[in-house]
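Reviewing the structure listed below.
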Amino acid sequence: MVTAVAQRLAAQRREINDTLARLSLSSENLQQVKDKMRVELERGLRKDSHSTASVKMLPSFVYRTPNGTERGKYLALDLGGTNFRVLVVKIRSGIRKSVRMYNKIYAIPLEIMQGTGEELFDHIVQCISDFLDYMGMKNTRLPLGFTFSFPCRQTGIDKGSLVSWTKGFKATDCEGNDVVEMLREAIKRRNEFDLDIVAVVNDTVGTMMTCAYEDPKCEIGLIAGTGSNVCYMEEMRNIEMVEGDEGQMCVNTEWGGFGENDCIEDIRTRFDREVDEGSLNNGKQRFEKMTSGMYLGEIVRQILIDLTRRGLLFRGHITEPLKTRGIFETKFLSQIERYRVVRAILQQLGLDSTCDDSIIVKEVCGTVSRRAAQLCGAGMAAIVDKIRENRGRNQMNITVGVDGTLYKLHPHFSRILKDTVKALAPQCDVEFVLSEDGSGKGAALITAVQHHRQPRSDSIFCGFRWYALPEGAAAAKGYKLRELGNGLCSDTNPTATVKMLPTFVRSIPDGSEKGDFIALDLGGSAFRILRVKVSHEKKQTVQMESQIYDTPEDIIHGSGTRLFDHVAECLGDFMEKQNIKDKKLSVGFTFSFPCAQTKLNESYLLTWTKRFKASGVEGMDIVTLLNKAIKKRGDYDADIMAVVNDTVGTMMTCGFDDQRCEVGIIIGTGTNACYMEELRHIDLVEGDEGRMCINTEWGAFGDDGMLEDIRTEFDREIDRGSLNPGKQLFEKMVSGMYIGELVRLILVKMAKEGFLFEGRITPELLTKGKFETKHVSSIEKSKEGLTKAKDILGRLGMEPSADDCIAVQHICTIVSHRSANLIAATLGGILSRLKDNKGNPRLRTTVGIDGSLYKMHPQYARRLHKTVRRLVPESDVRFLLSESGSSKGAAMVTAVAYRLADHGNEYNALEDFS
Ligand code: 0WK
Ligand code: 0WK
Ligand code: BGC
Ligand code: BGC
C-alpha cells in the first residue's frame, strides 16, 4: 500500500526531476550548441556580420606563442579575475630558460569596481606604487603587460577600448575608452613613477601564452572562473577585421556573449533569465551567465528558491539569507559536490535542511555545474574543430591552456568538459593543461615578445616588430603611396616630405648610346671617378676604368669651395693617369644627394644628407660650383653634360642589361629610389607625353611627423646626434649609415637595464659609431655569426657570454629586419603606383638595386624580396643587382644627352632634352 507520503514524495520527485530536466542537456542539444557556436564564431570573424555577431572575435594583435627566445624583466598587472595581482616577472632564455615571478594580491573593493573609472585606475596605480615600494623598484621604468579580463576592441597590442564591463565591474566613464590610456593618465596623475605599458591582453590570451611556454602545442586559452571565455590562434586570412592574410593571430572570442542574439533561447531556463535580470548587465553575457563562477551559485539559489516556494524543499521555508542575491557562492557548489558539506553550508544560510533537502541541493548543484561544463565543452568542440578545418586535417592534436577557479576547484567540471569535447569533436585529441602561474606570466611573455619584436610604445624595441608584420608594412605602403602623390602635385609638393624630384631623364638606354665619357660618383661610401667607353663593335659594349678617391672628413665638413676643389683635383689626377688631360670629355656626375634640377646639367642641392655637410653649397647649382673649381685649376677642361642621382644611375646601368628596368633603388650608406613616372602626372614639368624618371628622395619620408607612431627612442636619439636633425627620418631608420648605431644604442640600454653583459659597459661601446653596420651583417651570418659577435664585442672591450651573443644577434636581426620591411613597404608604394599608371592587372618590372647594405647583409635581399611580393602580390618583380655601380648609368645619360646635342643645336638640344 503506497502511502500518501510516498506518493507525495514521488510527486515531489517528479516535479524536481522536471525542474532539473530543463537544465539537463541531451547530446542533440549539445551538438546544436556546438553548431550554433560555430556559426557565431564565423559571423564574428567576417566583416559583414561582425557587428551583429554575439561572439565578438576580438583581434588581440598577438601573432605567435612564445618560442623560448623571450627574455628580460617585466611588470604585469592581472585585473578582472577573483584577485587583482601585481607581478614582477624575470624571463631567461637559452640554456637557463626559466620564468621567475613574484606577485602581490590586492583587493578591489566593490565601491571601486562600481565607482568611477578614475577611482578604479587610481586604485590600480596605488597598488602598483605599493608593489614597487615593496620591491624597491620605484626608479626602474620596466615594461608592463596589462592583463585586462574584459572585452576590449584592440587596434594594436597596446591599444584597446573597453567594449563593455562584465562580471562584477561597472565603473563609470570606461566603456568605449582606451584602457591603456586610462592607466597612463592615472600614472601621470600620481606622478610618482613611470612605466612603459607595452601590451594589454585578455586573461585567456595570457593563459594561452603561459601554457604555450611549456607546451608549444598550446594554441587555445580557456578561462572557466568568475567569467568564461576562450581565445585561440586563428589564421589571419579568416580575420577580416584585420589587414593581412599571412600567418596567425590570437583571437579573443568573448564567447561569454554567445546567445545575446537569442540563438540559445531554447536551452535558457527561467532561472537563467532571473539571474540575467538581476545582474549588472542584463541581456548581456548570456552564455557566461550559464557557465561561469560568478553565476552558477546564483542559478542554484534561484532553483532552490523556486523549489522551496513550491514546497519541494526546506519545507517551503525561504529564509532571508536565501533571498539574498549572490549569497549562494559558486564555491559552495564545488564544496558540496566535493565534500558533501551541504548541511554546513545551508546552515550558514540559516536553512535547516533534511537529508532529502541535502540530496536535492546536491543534485541541483550537480545539474547546474554539469550543464555549465557541458556548454563549455560544446563551445570548445566548435573551436577545436574550426582549427582542425583551418588546417585541412582529419586528425589534430592540440593543447588548451586553462585557468579559473571554477575549473581548478570544482571536482567534476574539468572532467565533464573534457568528455563533452571528446564526444563532440572526436577528430581532435585535445589536452587540457592547467596554468600554474596565471595569466600574469603570459602577459609578461607577450610583453617580452613585443619588447623583442616591437611594441609601439617607447620601450626598448618599440616599433621594430610592427613593421616586420604584414599589416605594419602594408600600412607604411599606404602612407607612402599617398606621399608619392603629394610630391608630384604642384599644390602639395612644397609640404610633401617625399620631394619627387624631376631628373630630366626620359628614357632608359636603348642600345644606341656610344662615346667616351668621364663619370664622377660622389655620395656613396666611396668617391669614384671612372672612364666609361661605350662602343658599338658587334654589339654595344661598355668598358670602364675607375679609381677611388678619399673624401676626408675635413673636406666634406669644410667649405663647398674646398669640397669642389677636391673633386676637381681628383678629376685632374684621374685624367693625368688616363693621359686625357688634353681631351675635353663629357662628364656625367652622379651626385647622390637631393637636388632640384631645372635641366639635365643644372642641379641645385636642396640639403646635404649622410656624412656630408660642406658649407655654401645648399641652394647652389653644383655644376656651376664644379665648373668654377675646374676653371680655377686651368689644367684641363671637362664638359659636364649631366648630373644624375645614384638611384637614376643605378636604374640606367641595369636598364642597359634589362629593358624592363624602370626603378632604381639604393640601400647603402643612404637610401633612396627613383622610377619612371608618366609626364602627365608630373605637375612640375611641362608636357604630358611620355615619361620622366623621378628621384623620390624617400629618405625624408616622415619628416613631417608621419612616422612618429613607429619611431622609437633610439631613432630619436640617432636623429638628435646626426648632422641633420629632423631630416631624413626614414633614412635614419633603415640605411647603412645608421643601422649599426641603432644596434649600439639598444645594446647600451639593455646593458644599463641589466639585461646584457651583466650590466657592464665599456667606453668603446659608449662611443658613437663604434658599432658599424658591417658588424650587423657579419653577426647575422648564420654559421659564424655568434663567433663574430664575440670578436666584435671583444674588440669593444666587452666580454659577452654565449647568451649575450645570442641576444646581440637577435637585436641585429630585428633592426635589419625592420629596415628591410620598411623599404619593402615604400618600394611597394612605388610598384603599386607603376601598376596603376599602366592600368594592367599584373605588373611586370625590374628594379635595379645597389648599395653596400643590400649587397653585404646575408639576409637582407631575401627579406626585402619576400615582403615586396607579399605587399604587391599582383606583380612579377625582378631585382637586378647593379654590378658596375651607377656611373655606367651616368655615362648612359651623358651619352643620350651627347647624342641629342650631336644633332646640331647643341645647347637648345639640351634645352629640348631637358
Ligand atoms: C587567473 C589568471 C587571471 C584570470 C583568472 C580567472 O591569472 O588572469 O582572470 O585566473 O579566474 P578567476 O579568478 O576569475 O576564477
Ligand atoms: C654604388 C653606386 C653609387 C651609390 C652607392 C650607394 O655606384 O653611386 O651611391 O652604390 O651605396 P653605398 O656605397 O652608399 O653603400
Ligand atoms: C570577460 C572576458 C574574460 C572572462 C574571463 C569575461 O567576463 O568578458 O574578457 O576573459 O570574463 O575572465
Ligand atoms: C640621398 C639620396 C641618395 C641616397 C643614396 C640619400 O641620403 O638623399 O639622394 O640617392 O642617399 O645614396
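For ligands, and for the atoms within them, numbers begin at 1 and follow the listed sequence. Atom set for the values below is all heavy atoms of this structure, side chains included, hydrogens, waters and symmetry mates excluded.
- Counting heavy atoms under 4.0 Å from ligand 1, residue Thr226 touches it through both backbone and side chain.
- Given atom 6 (C) of ligand 4, the protein heavy atom at minimum distance is Glu731 OE2, 3.0 Å.
- Among the atoms of Ser887, none of the N or O lies under 3.5 angstrom from an N or O of ligand 2.
- For Gly699, the closest heavy-atom approach to ligand 4 does not fall below 4.0 Å.
- Checking Asp646, Ile849, Asn672, Val648 against atom 9 (O) of ligand 2, the nearest heavy atom belongs to Asp646.
- Distances between N or O atoms of Gly523 and those of ligand 4 include no value under 3.5 Å.
- Residue contacts with ligand 2 for Ile666 involve side-chain atoms from C-beta outward but no N, CA, C or O (heavy atoms, distance under 4.0 Å).
- When only non-hydrogen protein atoms are considered, atom 11 (O) of ligand 4 lies nearest to Lys610 NZ, 3.0 Å.
- The shortest N or O to N or O distance between Ser886 and ligand 2 is under 3.5 Å.
- When each atom of ligand 4 is checked for a heavy atom of Gly670 under 4.0 Å away, the hits are 5 (C), 11 (O).
- Residue Gly885 approaches ligand 2 through these ligand atoms, each under 4.0 Å from one of its heavy atoms: 7 (O).
- When only non-hydrogen protein atoms are considered, atom 9 (O) of ligand 4 lies nearest to Glu697 OE2, 2.5 Å.
- An N or O contact shorter than 3.5 Å links Arg528 to ligand 2 by distance.
- Distances below 4.0 Å separate heavy atoms of Ile223 from the following atoms of ligand 1: 6 (C).
- For Asn645, a nitrogen or oxygen atom sits less than 3.5 Å from a nitrogen or oxygen atom of ligand 4, counting backbone and side chain alike.
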